[in-house]
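Here the structure is a predicted model, which means the values were calculated and not measured. Chain letters run A, B, ... following the sequence lines, proteins first and then strands; every chain starts at 1.
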Amino acid sequence: MADIRTEIAGLKLENPTMLASGILGQTGESLLKIINEGGAGAVVTKSIGMEPREGHGSPCALELDGGLLNAMGLPNPGIDAFETELKIALKGDAPVIGSIFADTGEKFSILAGKMEEFGASAVELNLSCPHADKYGLDMGSDPEKVREIVGQVKNSVKIPVFAKLSPMVPDIGQIALAVQEAGGDGVVAINTIKAMKIEPELGMPVLKNKVGGISGPAIKPAGVRAVYEISGTVEIPVIGVGGINTGMDALEYIMAGASAVQIGSGVHYQGIDVFSKVNQEISEFMDRKNYSKLDEIIGMARKGI
Amino acid sequence: MADIRTEIAGLKLENPTMLASGILGQTGESLLKIINEGGAGAVVTKSIGMEPREGHGSPCALELDGGLLNAMGLPNPGIDAFETELKIALKGDAPVIGSIFADTGEKFSILAGKMEEFGASAVELNLSCPHADKYGLDMGSDPEKVREIVGQVKNSVKIPVFAKLSPMVPDIGQIALAVQEAGGDGVVAINTIKAMKIEPELGMPVLKNKVGGISGPAIKPAGVRAVYEISGTVEIPVIGVGGINTGMDALEYIMAGASAVQIGSGVHYQGIDVFSKVNQEISEFMDRKNYSKLDEIIGMARKGI
Amino acid sequence: MQIVQVSEVINETNNIKTIKFKLPVESKPGQFIMVWIPGIDEIPMSLSYSDGITVDNVGEATQAIHALEIGSQIGIKGPYGNGFDLSENNFLLVGGGTGIAALAQAAEKLSQSGKNLRIAIGARTASDLLFQERMKAFGEVHVATDDGSSGHHGFVTQVVEKLIAEKKPDMILACGPEPMMVAVVGLAGDISIQCSLERYMKCGFGICGSCQCGKYTVCKDGPVFSGQQLAEIEDFGKWKRDAAGKPVWF
Amino acid sequence: MQIVQVSEVINETNNIKTIKFKLPVESKPGQFIMVWIPGIDEIPMSLSYSDGITVDNVGEATQAIHALEIGSQIGIKGPYGNGFDLSENNFLLVGGGTGIAALAQAAEKLSQSGKNLRIAIGARTASDLLFQERMKAFGEVHVATDDGSSGHHGFVTQVVEKLIAEKKPDMILACGPEPMMVAVVGLAGDISIQCSLERYMKCGFGICGSCQCGKYTVCKDGPVFSGQQLAEIEDFGKWKRDAAGKPVWF
Ligand SMILES: Cc1cc2nc3c(=O)[nH]c(=O)nc-3n(C[C@H](O)[C@H](O)[C@H](O)COP(=O)(O)OP(=O)(O)OC[C@H]3O[C@@H](n4cnc5c(N)ncnc54)[C@H](O)[C@@H]3O)c2cc1C
Ligand SMILES: Cc1cc2nc3c(=O)[nH]c(=O)nc-3n(C[C@H](O)[C@H](O)[C@H](O)COP(=O)(O)OP(=O)(O)OC[C@H]3O[C@@H](n4cnc5c(N)ncnc54)[C@H](O)[C@@H]3O)c2cc1C
Ligand SMILES: Cc1cc2nc3c(=O)[nH]c(=O)nc-3n(C[C@H](O)[C@H](O)[C@H](O)COP(=O)(O)O)c2cc1C
Ligand SMILES: Cc1cc2nc3c(=O)[nH]c(=O)nc-3n(C[C@H](O)[C@H](O)[C@H](O)COP(=O)(O)O)c2cc1C
Ligand code: FES
Ligand code: FES
C-alpha cells in the first residue's frame, strides 16, 4: 500500500486530506467527528474572530448547479468561547488548525496566540473571505498588508502560520511570495470566488447579503491553477482547496504542487466519509501507478514528462 | 409580445443577445451565420491584433464538467487580413462589434481606427484575456493602464468603445470606474477565469499552454456578481457575459444591471440557435410577468423589492 | 431554491396560520423545508402538510409569513432532514405547541396504513391548541392545557404518563420544546422513541454547522433522533447554540 | 478527454501506421477524434477502425504517433463530427492518400449490411497504397498510382470516371486532398455525393472557429458534407485557413 502520509511545515499528517475552514467546523464535537469518523488527516476550525459574531442574515447558503453559494459572514462564538470547542477537538488523533480572521495584524496576533495557547497545531489566517467587508479579500489582495500581517503573527507564535488566499487577484504568486517573505510557513488556496444568484421570478438576489462566494466543483479548475502558480513561485508548502470530491480531484491539486488538500463542499456532496474515500482513491491510484510515497507526485505536473 | 429591443451607447439592437468574442468569430461567414441563422442581436468578432498570430499550441480547448477550458492564445489573421471578414459580416442585419487586443494604447488606437474604417459599429477592447502573457489581464487589472488605453482609443475613433474586463481583480467596480472616467462607452464583463486541468494519469497539465481560462456554467455566478457590482458603480451601460445558456441565465444578468448579454460557450452547449431560444425565453418570461419593455427589468435586482 | 405561490391561508389559532403552496417535490413525514420570505429572512419549517407549513407568529420572519396572501411568492429549499421511521405498529404521538405540526403528516400516514395511534397535544390554553380537529380523524386525541381550559389541566407529559400506563406503545414520536422532550424520553423508559429537534439553522443542508447538537448535525442527521442517539448528546435539553454558535442554556 | 493505452501498432506502408487502443465510446463511420500526444500536440484523426487510427507521418505530431509503443498513453477527445449517411444502396468510395482511412469504417459497415460497393484508392506509388487488402473484403477494389507501379497509371479520378460510366452508383463517398474531391464532385454530376473535409482544427468541437469553411464549422457541421452543401462553399478546393485563420490557397 502506498504511503500517503505528508508533512507541512513540520506538521505530520497521516493522510493529505483536511477539513476546510467553515464547514461544520464551529463546534468541538463536529471537528472530532470529522477526525474520528470522517478520517481526515487534520481539521481546520471555522474562522474565529475577537468577538462573537452572528454573520449575515439568511438566506446565507444555497445549492447552485455547479457548487454552493454562501455568504455566512463569518459567524463565530468569539475566540474566548472557542477554547472549550478546541479542547474537545484535540481529543482526536489529528492536528487541529485554528482559522482566524481580524482586521489588523495586532488582532490576528492575539487570536493566533490564543489558538496556540488552547493547543492548536497551527493557525490559518483567513485573508480571503470574499463577502465580509473589511475582513478577508480586502487585505488579502494587497501584498504589503499580507506581508505585515503574516510578519506580526509570526513574531507572536511558535506554531506554523499558514495564510489562506483568494484567487481573485491578477497574480496570486505575488501574494504567496509576500507570505513567504514575511516568514509564513505555508499557503492555503483557494477560498471561495465572489459570486451571486439572482432569482428572476422575484427580480432580486437570493442571498440576504446579496453577494457571496462560490465553492465546489465549479471552482476546482481555478483552484488547481492557483496552486500550480503558487507552487511555481514559492518554496513553502501549499495546501490546495476548492471543489475536491474524489481522489482524482485531490491528485490534480497534489500534482499541481499541493502537499495536502482541504475539503469543504465535498462534505455536503459526498458525506463526511469523503476524507477516507479520497484517501482510498489516492492510494489505489498510487499503487496502480507504482508510486510508493506521496512526495513522488507532489508537484509532478510542474516537472514536465 | 414584450419588446426586447435594447440600446447600448446609441447602438440599437433588435434583441439583447450578442455573440461573445472568440467563439466562431474569426471569419465573416460564420459571423453572418450567427446573425442570420442564430438570431443574435449583434456579434463581436474574435479579438484581432496587429499581426497574424497562431496562438498557443494544442490541446488548446477542453470540455470540463462545468464548463469549457481554453487557451487559444489569441490566434487571429491580423487586422489587415480581417477587413475581408468584417465586410462579409456587415452584410447581416445587426451591428458588428470589433474586438481588439494589443499591448499599448497606441496599437489599440490603430486597431480601433481600422475597425471603424472597415465598418464596425463599435470596438471592444480585450483587457482581460487570462492566458496571453502581456496582453489582456495584465493591463486590465491596473486602473491606470485601463484609463490610459481607453482614453487613447476614445481620442482616435467616433464609434462607441467598450472595455471587456476580467473578474480576477479584488474590486471590479474600480476598473469599471476607470473605463468610465476615461470616456469609455460601456463595460463588458466577464472574460474567462484563469484555470487549468491536470491529468493525473499522466501527471501533467492537459493544455499545451498549461494554464487557460474557464467559461460556461461554472462562471455564471461570478459573472452575474461582476455585472451587479459594476452596474452599482458606473453609469455607462454594462454588457453581461459568462455561462449563459437559457433565458433565465440572461435574465439574471439583465436584472443585475446588464443592458445586453453575450453568449459564447452556450453556442457549444445549445447550438447556434441559442440566441433565438434565449430571446424567446426572455419574452415569454416578460409576457408572463407583465413587463412590456426590457428597460423595466434592467438592473431590477439592484432596486430591492 | 424553488419559487412557489401561496395558494391558501388558514387561520389555525390566534397566533398560528397554515400556508399552503405547491411543493414541487416529494417529502417524508418529519422532514422540513427552508422558507425564504423575500427581503426578510429564511427559516426552517416542518411540513405540516405535503404542501403546507403551520407557523406560530413569534418574530420578524414568522410575522412576515402571517402577512402573506394568496398569490404571494416565497422561496423553498428542501425538503431536508431524515423524517420519522414509521415501521412500528402502536404509536403514541406527543406534540407540544407547534410541535404537533411536525407530527401531523406522520399521524396522517400512520392512520392511512391502519396503524394504532394515540395523540397527545399540549398548549398553554384552549385557543392555542393546534390541529385538535385534524388529528381526531387519525387517532385517539388527548389534550392538555397549562390553564386547564381544555382537557387535562397541566403538562402534556402528565397525559403521556397516563397513556403509557394504560397501554404501552411500541414507538413514541415527540416534538415540542426540548425540556418537554427530555421529560417524555424519561417517561418512555425502554419504549422506543423518536424526537424531532428544533435548532438554530442557517444553511439547512448540513454545511455550515450552526445547528450542531453534540456530534450530530440536526438539519442533516436529524431533525429526528432516536432515544439512543439522544442519550449520547450531552446538549439535549440543556443548551442550544445561538446565531453566533455560542451555547445558550434552555 | 480520455487517456487510453496503445494496444497494437500496425505498419501499413512505409510512412503509414495504424495505432489501436480501447476507445471508451461508440462512434459512427466518418467521425474523427482529437488525439493528444502528451507533451507534443493534439491533432484530428479519422477513426479508421472503431478502435484505431491510421496515420501518415507528415510532421512533428504524426511522427510522435509513429514513435508510440504498445502501452504508451495518449489522450482522446470525441468522437466528433457528423459521420457519413449510409442509407443508399449502391456506393462508390473514393479515397486519395490517407483519405481511405476516413472511409474504411463506412466500407466495413456497408459490406456488413450487404450493400453494393466499389472502392477506388489512389496513391503516389504502389508501396504507399493504404488498405488495399483490407478493402478487398468489403467490395470491389480499384487502384490508381501516379507512377503506374500498381493499377491504373494516373489519377484516381480517372478510375472514378470509368467506374461511374460502367455503373452509376447512387452515392459517392470521397475523402482525400480537396482538389481531388473537387474533381470527384465534378464527375458525380447529379449523383449524390458526400465528401469528408480535412481542415485545420484546434478545438475539434465547434467553438474556436479555426476550421471554418464557408458558413460551415467543419468539426461540428462536418467533416462530411453533401454535394449541395459543398456547392454553397466558396472556399471548397480553393483555399483553407492556417493556424492564424488566414486563408491559404491550395
Ligand atoms: C426543523 C425545524 C422545524 C420547525 N418547524 C416549525 C413549525 O412547523 N412551525 C413553527 O411555527 N416553527 C417551526 N420552527 C421554528 C421556527 O423556525 C422559528 O420559530 C422561526 O425561525 C422564528 O423566526 P422569527 O424571525 O419569526 O423569530 P425570531 O424573533 O428571529 O426568533 C424567535 C425564536 O425562533 C428561533 N429561531 C429564529 N431563527 C431561527 C432559525 N433560523 N432556525 C431555527 N430557529 C430559529 C430562535 O429560538 C428564536 O429565539 C422550526 C424550527 C426548526 C429548526
Ligand atoms: C477531420 C480530420 C481527419 C483526419 N484524418 C487523418 C487520418 O485519418 N490520417 C492522417 O494521417 N491524417 C489525418 N488528418 C490530417 C492530420 O490531422 C494532419 O496530418 C496532422 O495534423 C499533421 O500534424 P503534424 O504535426 O504531424 O504535421 P505538421 O508539420 O504540423 O503539419 C503538416 C500538415 O498537416 C496539417 N495539419 C497540421 N496540424 C493540423 C491540425 N491541427 N488540424 C488539421 N490539419 C493539420 C496542415 O495542413 C499541415 O500543413 C485528418 C485531419 C482532419 C481535419
Ligand atoms: C458554508 C461555508 C463556510 C465557509 N467559511 C469559511 C471560513 O470561515 N473561513 C475560511 O477561510 N473559509 C471558509 N469557507 C471556504 C472554504 O474553506 C473553502 O476554501 C471553499 O469552500 C472551497 O473549498 P470547497 O470547494 O471544498 O468547498 C467556507 C465555505 C463554505 C461553503
Ligand atoms: C474558445 C474561446 C475563445 C475565446 N476568445 C476570446 C477572445 O478572443 N477575446 C475575448 O475577449 N474573449 C474571448 N473568449 C471569452 C468569451 O468571449 C467570454 O467572455 C467567455 O467565454 C465567457 O462567456 P461564456 O461562458 O458564454 O463562454 C473566448 C472564449 C472561448 C471559450
Ligand atoms: S443549518 Fe447549516 S449545518 Fe445545519
Ligand atoms: S476546430 Fe474549433 S471550431 Fe472546429
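The two atoms that bring A/Pro130 and A/Gly213 nearest to each other are CG-CA, 4.1 Å, heavy atoms only.
For B/Lys210, the NZ atom counts as loosely surrounded, since its 6.0 Å shell holds 12 or fewer non-hydrogen atoms of other residues, nucleotides or ligands.
Although no hydrogens or angles enter the test, the distance criterion places no donor-acceptor pair under 3.5 Å between the side chain of A/Asn191 and the main chain of A/Ser166. For B/His56 (side chain) and B/Leu207 (main-chain N/O), no donor-acceptor pair under 3.5 Å exists by modelled atom type. Panel note: side chain A/Thr6, backbone A/Ser259; a donor-acceptor pair is recorded below 3.5 Å. Side-chain atoms of A/Asp3 never come within 3.5 Å of backbone atoms of A/Ser292 as a donor-acceptor pair (strictly under, hydrogens ignored).
For A/Lys289, the part lying under 4.5 angstrom from a heavy atom of chain B is the side chain only. Contacts between B/Leu64 and chain A at a heavy-atom distance below 4.5 Å involve the side chain alone, from C-beta outward. For a residue to count as touching a neighbouring chain, one of its non-hydrogen atoms must lie under 4.5 Å from one of that chain's; by this rule A/Ile193 touches chain B with the side chain only. Of the atoms belonging to A/Pro167, it is backbone heavy atoms, and not side-chain ones, that fall under 4.5 Å from chain B. Interface remark: A/Val224 contributes backbone and side-chain atoms alike to the contact with chain B (heavy atom separation under 4.5 Å). Contact annotation for A/Glu229: only side-chain heavy atoms (C-beta onward) come within less than 4.5 Å of a heavy atom of chain B. Proximity to chain A is absent for every atom of B/Leu69, based on heavy atoms less than 4.5 angstrom apart.
Contacts between residues 139-149 of chain B and chain A, defined by a heavy-atom separation under 4.5 Å, are made by B/Ser141.
Residues A/Tyr269 and A/Ile263 form no side-chain contact, since every pair of their non-hydrogen atoms from C-beta on lies 4.5 Å or further apart. For the pair A/Val234/A/Val179, no side-chain contact is recorded, criterion being any heavy-atom separation below 4.5 Å from C-beta on.
The candidate from B/Val169, B/Leu251, B/Ile198, B/Ile172 with the greatest count of non-hydrogen atom pairs under 4.5 Å with chain A is B/Ile198. Interface remark: of the candidates A/Glu199, A/Met255, A/Glu252, A/Glu252 forms the most heavy-atom pairs closer than 4.5 Å to chain B. No other option in A/Ala218, A/Pro217, A/Gly216, A/Gly67 has as many heavy-atom pairs under 4.5 Å with chain B as A/Ala218. Chain B forms the most heavy-atom pairs under 4.5 Å with one residue out of A/Arg225, A/Met248, A/Arg288, and that residue is A/Arg225. For the options A/Val211, A/Ile219, A/Ile214, A/Ile297, heavy-atom pairs under 4.5 Å to chain B are most numerous at A/Val211. For the set B/Pro205, B/Gly66, B/Ala256, B/Pro200, the count of heavy-atom pairs under 4.5 angstrom toward chain A peaks at B/Pro200.
Under 4.0 Å is where a charged nitrogen must lie from a carboxylate oxygen, and between A/Glu63 and A/Lys197 no such pair does.
Within the structure, the salt bridge (Lys or Arg N to Asp or Glu O under 4.0 Å) test picks out the following pairs touching residues 240-249 of chain B (sequence neighbours left out): B/Lys220-B/Asp249.
Considering only residues two or more places apart in sequence or on other chains, A/Val261 meets the side chain to side chain contact (heavy atoms under 4.5 Å, CB included) condition with A/Thr17, A/Ile244, A/Ala250, A/Tyr253, A/Ile254. Taking B/Asp65 as the reference, nothing meets the side chain to side chain contact (heavy atoms under 4.5 Å, CB included) condition, with sequence neighbours excluded.
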